[in-house]
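Here the structure is a predicted model, which is why all the values come from computation and not from measurement.
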Amino acid sequence: MHIQDSHWTSASAVASGGAVGAAGNGRGDSSRTTPLRVDAQRNLEHVLRAAREVFGELGYGAPMEDVARRARVGVGTVYRRFPSKDVLVRRIAEEETSRLTDQARSALGQEDEPWSALSRFLRTSVASGAGRLLPPQVLRVGVADEIAEGGGLLDEARVPQQRTQPNAGELRLVPEESAGSLGSGYDAGATALLEVVGQLVDRARAAGQLRADVSVSDVLLVIATAAPSLPDAAQQAAASARLLDILLEGLRSRPL
């Protein structure tokens with residue numbers, strides 16, 4: 001379903017000041033309005049934090065009820081802030097894409113050595129968990145349009161094609177009609193992300209530090225890959241770091 005801009009405007013208005021109408025009594029009673037506005041802001045923060053956690057763990061298919069449960073609010077409270085799940089998904093996707101773009105720009109600006117810049121971006125992004133919140137539309141890469149051995153099409157698996165030449169299977173934006181609820185506003189943010197990550201990839205490849213067949217899509221797939229969830233935080237951090245080390249080694253070029 002495509003989200004109309006009016007829905008997003010409504011969601012923003014509700015999120016930023018929807019409690020004012022509920023608190024106002026026509027007499028300018030600021031003693032009642034201020035606490036309710038604080039509560040509304042606190043609830044919004046709880047909902048957004050919960051949405052990042054739930055979508056990061058279960059994907060964007062997770063129901064709004066799970067978000068409400070994690071935020072410890074009623075599902076009606078979630079819908080008052082976000083009129084539909086599509087609006088909430090777009091909010092989270094835009095925020096996390098912006099965060100990844102900032103991280104990539106920071107790596108470009110603070111690291112002169114190409115491989116150090118790329119690996120810094122990957123480590124920072126994996127640590128923040130933002131990569132797990134990239135929507136499937138951004139991670140859509142070339143899919144082998146072949147019949148699988150069992151007879152089914154390799155469609156939903158979105159298996160990256162084997163690259164035999166540079167730029168083959170490059171990550172691309174999908175048309176807006178295919179992007180569904182994310183819409184053109186998200187396209188602009190995704191384009192900025194692809195451009196800055198592309199600079200990191202091009203620099204490392206030109207320096208001979210990155211495999212020639214590695215593309216932007218490969219880099220984003222790395223940050224979207226997470227180690228299995230473990231109950232102990234220290235073990236989880238160690239597993240994530242180890243997995244990233246292995247993936248980084250797979251990206252590096254090797255002398256002939």
Side-chain angles (χ1 to χ4, degrees), residues 52-53 56 92-142 158-173 186-230 232-256:
R52 291 186 191 99
E53 293 175 358
I92 298 299
E94 287 177 344
E95 289 183 352
E96 299 308 315
T97 301
S98 177
R99 184 197 298 190
L100 284 172
T101 303
D102 290 343
Q103 291 169 349
R105 286 174 176 155
S106 177
L108 273 172
Q110 298 181 24
E111 296 287 349
D112 294 329
E113 204 269 331
W115 179 257
S116 296
L118 180 59
S119 60
R120 173 178 176 151
F121 167 64
L122 287 168
R123 292 187 187 280
T124 302
S125 300
V126 169
S128 72
R132 294 194 300 274
L133 290 163
L134 282 173
Q137 288 83 356
V138 173
L139 294 174
R140 181 171 296 176
V141 297
R158 294 174 181 170
V159 180
Q161 292 176 337
Q162 294 298 315
R163 297 166 179 78
T164 56
Q165 56 184 336
N167 301 324
E170 281 285 352
L171 185 146
R172 62 189 181 277
L173 289 173
Y186 176 76
D187 286 350
T191 298
L193 173 63
L194 299 185
E195 287 177 351
V196 68
V197 175
Q199 293 178 48
L200 288 167
V201 168
D202 289 343
R203 287 180 56 195
R205 186 187 290 149
Q209 299 170 326
L210 184 69
R211 283 170 43 182
D213 62 338
V214 172
S215 68
V216 174
S217 62
D218 295 316
V219 171
L220 293 183
L221 285 171
V222 167
I223 65 175
T225 301
S229 181
L230 300 173
D232 181 79
Q235 291 179 349
Q236 179 68 45
S240 295
R242 176 61 176 162
L243 176 60
L244 181 56
D245 285 341
I246 294 171
L247 294 173
L248 282 171
E249 283 301 307
L251 297 178
R252 296 197 71 155
S253 62
R254 291 288 180 267
L256 297 176

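Atom CG of residue Leu193 and atom CZ of residue Arg105 lie 9.0 Å apart, to the nearest 0.5 angstrom. The distance from the CG atom of Leu122 to the CG atom of Leu220 is 9.0 Å, given to the nearest 0.5 Å. Gln209 contributes atom CD, which lies 7.0 Å from atom OG of Ser253 (distance to the nearest 0.5 angstrom). The distance from the CG atom of Leu244 to the CD atom of Glu249 is 10.5 Å, given to the nearest 0.5 Å.
Ser240 places no side-chain N or O within donor-acceptor distance of the main-chain N or O of Ala237, the cut-off being under 3.5 Å. Counting only distance, with no hydrogens or angles, the side chain of Asp202 and the backbone of Gln199 share no donor-acceptor pair below 3.5 Å. Between the side chain of Glu96 and the main chain of Leu133, no donor-acceptor pair closer than 3.5 Å is present. Here the side chain of Arg52 pairs no donor or acceptor atom with the backbone of Ile92 at under 3.5 angstrom. Gln236 contributes a side-chain N or O that, together with a main-chain N or O of Leu230, makes up a donor-acceptor pair within less than 3.5 Å. With hydrogens and angles disregarded, a donor-acceptor distance shorter than 3.5 Å links the side chain of Thr225 to the backbone of Leu221.
At a threshold of 4.5 Å between non-hydrogen side-chain atoms, the residues Arg203 and Leu108 count as touching. A 4.5 Å side-chain heavy-atom check between Phe121 and Val196 finds every atom pair outside the cut-off. Taking 4.5 Å as the limit, some side-chain heavy atom of Val222 sits within range of a side-chain heavy atom of Leu251.
Of all the heavy atoms in Trp115 and Leu210, the pair that sits closest is CZ3-CD1, 3.9 Å. Of all the heavy atoms in Leu100 and Ser125, the pair that sits closest is CD2-OG, 3.4 Å. Closest non-hydrogen pair, Thr97 versus Gly189, comes out as CG2-O, 3.6 Å. Counting all heavy atoms, side chain and backbone alike, Gly198 lies closest to Val216 at CA-CG2, 3.7 Å.
Counting heavy-atom neighbours within 6.0 Å of Asp112 CG, excluding the residue itself, gives a total of 12 or less.
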After noting the C-alpha distance and the side-chain angles of Arg99 and Asp102, does the key distance pass the salt bridge (Lys or Arg N to Asp or Glu O under 4.0 Å) rule? CA-CA 5 Å; Arg99 184 197 298 190; Asp102 290 343; over 6 Å; no
Between Ile223 and Leu134, does the side-chain contact (heavy atoms from CB on, under 4.5 Å) criterion hold? Intermediate values first, please. CA-CA 9 Å; Ile223 65 175; Leu134 282 173; 4.2 Å; yes
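Checked against side-chain contact (heavy atoms from CB on, under 4.5 Å), Arg120 has the following partners two or more places apart in sequence or in another chain: Ser106, Ala107, Gln110, Glu111, Thr124.
Remark: Asp245 engages Arg123 in a salt bridge, criterion side-chain N to carboxylate O under 4.0 Å.
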